[in-house]
Protein chains: 2
Amino acid sequence: MSHTYEYPRPALTVDCVVFGLDDDDLKVLLIQRGVEPFQGRWALPGGFVRMDESLDEAARRELEEESGIRPGHLEQLFTFGEPERDPRGRVVTVAYFALVKLSAHTLRAATDAREAAWFSVWDTPKLAFDHADILTTALQRLKGKVRYQPIGFELLPPKFTLTQLQRLYEIVLERELDKRNFRKKILAMDLLEELDEVEQDVSHRAARLYRFDHKKYRQLEKAGFNFEL
Amino acid sequence: MSHTYEYPRPALTVDCVVFGLDDDDLKVLLIQRGVEPFQGRWALPGGFVRMDESLDEAARRELEEESGIRPGHLEQLFTFGEPERDPRGRVVTVAYFALVKLSAHTLRAATDAREAAWFSVWDTPKLAFDHADILTTALQRLKGKVRYQPIGFELLPPKFTLTQLQRLYEIVLERELDKRNFRKKILAMDLLEELDEVEQDVSHRAARLYRFDHKKYRQLEKAGFNFEL
DNA sequence: CCAAAAGTGTTTCACTTACACCCATGA
DNA sequence: TCATGGGTGTAAGTGAAACACTTTTGG
């Protein structure tokens with residue numbers, strides 16, 4: 001056996017910051033810890049990386065196990081490795097950042113988690129470990145990334161109105177947008193498929209529904225197009 | 001001892017992609033491996049994370065040990081954790097991205113490294129492990145980041161000419177820039193201190209020297225200013 | 001008919017781009 | 001005096017921002 005094995009090793013975990021959009025609020029998925037340390041506290045879903053799985057696979061597996069969620073978008077966020085971040089000893093965690101269509105998922109708690117629930121990102125309970133830092137980092141990433149990559153659509157149902165889309169951006173970016181300019185710009189990109197359907201069950205004029213055209217986006221992307229809001 | 005210790009653990013390393021600017025070429029620091037696996041191959045400087053140091057500290061330490069370099073800018077890049085990336089077994093590596101003033105450093109090899117040397121990023125030898133992927137990722141990050149954060153200055157000497165600065169951007173972004181527009185824009189930001197000095201030992205009109213004003217940048221940044229080239 | 005949100009164009013202003021010549025210096 | 005890069009301004013075009021009223025629908 002080579003010298004790889006001569007050194008003591010930190011434990012390695014993954015933790016996931018999963019965002020969902022609930023009409024007028026940006027939510028984050030938290031699980032209540034069923035074991036020490038921080039028993040009873042809310043924390044990000046996550047757990048130990050197995051020897052035979054990649055980091056991405058570990059993130060997906062833990063998310064599925066602890067909440068039943070399979071995210072539409074998942075990307076690595078940052079790796080947190082301060083020596084004192086876990087009272088059990090040295091634990092380095094690779095944090096992930098995920099987006100889900102909230103409407104399409106029912107939560108189910110399992111494994112080490114007592115309970116899983118959605119919280120407003122602006123109003124979370126006190127979190128275990130350094131998970132508050134991780135959440136802050138993820139929020140920054142979301143705010144930065146949503147403007148130059150079309151990942152926001154992963155938070156909406158497959159068919160959505162332009163008003164829903166605009167509200168999504170207003171919530172994430174924390175500022176108001178001009179309706180006419182927003183529609184002009186987003187439609188000019190030619191990434192939305194205009195459907196022959198309107199929203200249902202509203203007590204006012206029903207808005208037209210649109211669908212994000214992934215295929216067209218990939219084409220334009222290859223041709224040098226850059227999404228930017 | 002809690003369940004933290006029930007699982008086998010991947011080994012954890014850090015690897016550094018260190019960029020330097022050599023007049024007309026972007027360079028990356030590589031070390032020649034003195035031990036198996038990949039003995040004799042060139043690789044990124046790096047090594048195992050110790051139990052009592054943070055990831056950032058590990059990156060700085062390994063860089064210092066293997067090349068004597070203390071970078072002006074160092075940030076975490078990405079964590080690579082494919083199960084098969086290291087033939088010795090499961091090794092997860094946290095990659096770092098660093099910028100140095102090439103002029104200010106003399107290389108000195110040490111530790112496991114047979115030799116350390118600068119290579120053009122466009123023309124590197126075949127690299128060990130998945131280090132070619134890491135290098136590609138780092139280059140993308142550099143190209144993206146240099147445009148909206150003033151980190152490029154870390155590649156130049158403390159006093160530089162506007163032509164040097166422009167050339168830096170042209171090299172990193174791989175496209176030509178208009179001289180007058182470049183100067184207009186960068187000077188309009190009011191981040192450069194115009195010195196009463198000119199470059200020396202040139203056989204033509206000597207260009208004025210400037211210095212990046214870190215303090216002013218931090219002020220403007222707080223006031224909501226965004227660097228963007 | 002009232003309330004609520006959908007939908008729609010134009011003007012102004014700022015910023016980006018394109019572009020060419022004279023100047024200073026050392027060899 | 002020649003070669004080399006340093007240094008400078010303007011005009012045209014493009015994209016961002018500001019802004020208000022009419023239409024549709026259900027209650």
Side-chain angles (χ1 to χ4, degrees), chain A residues 21 23-25 146-148 150 156-157 159-171 173-211 220 224-229, chain B residues 21-25 146-148 150 156-157 159-171 173-211 220 223-229:
Chain A
L21 193 72
D23 260 25
D24 276 334
D25 202 7
V146 90
R147 288 187 47 203
Y148 62 91
L156 293 178
K159 300 173 181 181
F160 51 84
T161 68
L162 293 182
T163 301
Q164 279 181 293
L165 185 60
Q166 180 177 342
R167 206 151 46 206
L168 154 72
Y169 279 98
E170 289 179 331
I171 291 168
L173 299 177
E174 290 185 281
R175 69 185 156 95
E176 299 206 329
L177 299 173
D178 180 271
K179 181 163 64 159
R180 280 178 286 192
N181 292 335
F182 178 82
R183 293 161 101 97
K184 215 184 307 170
K185 189 157 183 181
I186 202 87
L187 290 176
M189 288 184 197
D190 199 28
L191 286 173
L192 298 187
E193 187 184 352
E194 180 174 328
L195 303 175
D196 287 327
E197 291 178 69
V198 294
E199 58 181 344
Q200 299 299 316
D201 302 318
V202 289
S203 72
H204 52 76
R205 176 172 175 182
R208 164 157 265 136
L209 289 171
Y210 292 81
R211 192 192 294 148
L220 289 172
F225 165 83
N226 277 313
F227 180 90
E228 188 181 341
L229 192 115
Chain B
L21 192 72
D22 179 10
D23 259 25
D24 275 333
D25 202 7
V146 89
R147 289 187 48 206
Y148 62 91
L156 294 178
K159 300 173 181 182
F160 51 84
T161 69
L162 293 182
T163 300
Q164 279 181 294
L165 186 60
Q166 180 178 344
R167 206 150 49 205
L168 154 74
Y169 279 99
E170 289 179 331
I171 292 169
L173 299 177
E174 290 184 282
R175 70 186 154 94
E176 299 206 330
L177 300 174
D178 180 89
K179 180 162 65 158
R180 280 179 286 194
N181 293 336
F182 178 82
R183 293 160 100 95
K184 212 184 313 171
K185 189 157 184 180
I186 201 86
L187 290 176
M189 287 185 198
D190 199 27
L191 287 173
L192 298 187
E193 186 183 354
E194 181 174 327
L195 303 175
D196 287 326
E197 292 178 68
V198 294
E199 58 181 344
Q200 300 299 318
D201 303 318
V202 289
S203 71
H204 52 75
R205 176 173 175 182
R208 164 157 265 135
L209 290 170
Y210 291 81
R211 191 194 292 149
L220 289 173
F225 166 83
N226 277 312
F227 180 91
E228 188 179 341
L229 193 114

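Proteins get letters first, then strands, A, B, ... in listed order; numbering begins at 1 in each.
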### Task
Tell me which nucleotide among D:dT25, D:dG6, C:dC19 gets nearest to the side chain of B:Arg205.
D:dG6

### Task
Please report, rounded to the nearest Å, how far the C1' atom of D:dG7 is from the CD atom of B:Glu194.
12 Å

### Query
Rounded to whole angstroms, how far apart are CG on B:Asp178 and P on D:dG5?
18 Å

### Query
Rounded to the nearest 0.5 Å, what separation is found between the CG atom of A:Leu168 and the CD atom of A:Gln166?
10.0 Å

### Query
Taking atom P of D:dA16 as reference, at what distance in whole Å does atom CG of A:Leu177 sit?
13 Å

### Message
Both B:His204 and B:Leu187 contact DNA chain D. Taking the nearest nucleotide for each, which residue is further toward the 5' end?
### Response
B:His204

### Query
Could you give the CG-to-C1' distance, from B:Asp24 to D:dG5, as a whole number of Å?
13 Å

#### Entry: Nearest-0.5 Å distance, CG of residue A:Asp23 to CZ of residue A:Arg167
6.0 Å

## Note on the structure
Rounded to whole Å, the CG-P distance (B:Asp201 to D:dG5) equals 15 Å

### Query
Just checking A:Arg183: base, sugar-phosphate only, or nothing, at a heavy-atom cut-off of under 4.0 Å?
base

### Message
Just the rounded figure in Å: distance from C1' of C:dT17 to CZ of B:Phe182.
### Response
16 Å

### Query
Toward the 5' end of DNA chain D, which comes first, B:Arg208 or B:Lys184, by nearest nucleotide?
B:Arg208

### Task
Please lay out, stage by stage, how B:Asn226 and B:Tyr148 fare under the test side-chain contact (heavy atoms from CB on, under 4.5 Å).
CA-CA 7 Å; B:Asn226 277 312; B:Tyr148 62 91; over 6 Å; no

### Query
Got a donor-acceptor pair under 3.5 Å from the side chain of B:Lys179 to the base of D:dG7?
yes

### Closest non-hydrogen atom pair, B:Leu195 against B:Tyr210
CD1-C, 4.1 Å

### Message
With nearest nucleotide decided by heavy atoms, which residue, A:Val198 or B:Lys185, maps closer to the 5′ end of DNA chain C?
### Response
A:Val198

### Query
Whole-Å distance between D:dG7 C1' and B:Leu165 CG?
16 Å

### Task
Assign A:Thr163 to base, sugar-phosphate, or nothing according to its heavy-atom contacts below 4.0 angstrom with the strands shown.
sugar-phosphate

#### Entry: B:Arg180 (side chain) and C:dA20 (base): donor-acceptor pair under 3.5 Å
yes

### Task
Kindly indicate whether the side chain of B:Leu209, heavy atoms from C-beta on, has any atom under 4.5 Å from the side chain of B:Glu194.
no

### Query
What is the distance from CD1 of A:Ile186 to P of C:dA6, rounded to the nearest Å?
16 Å

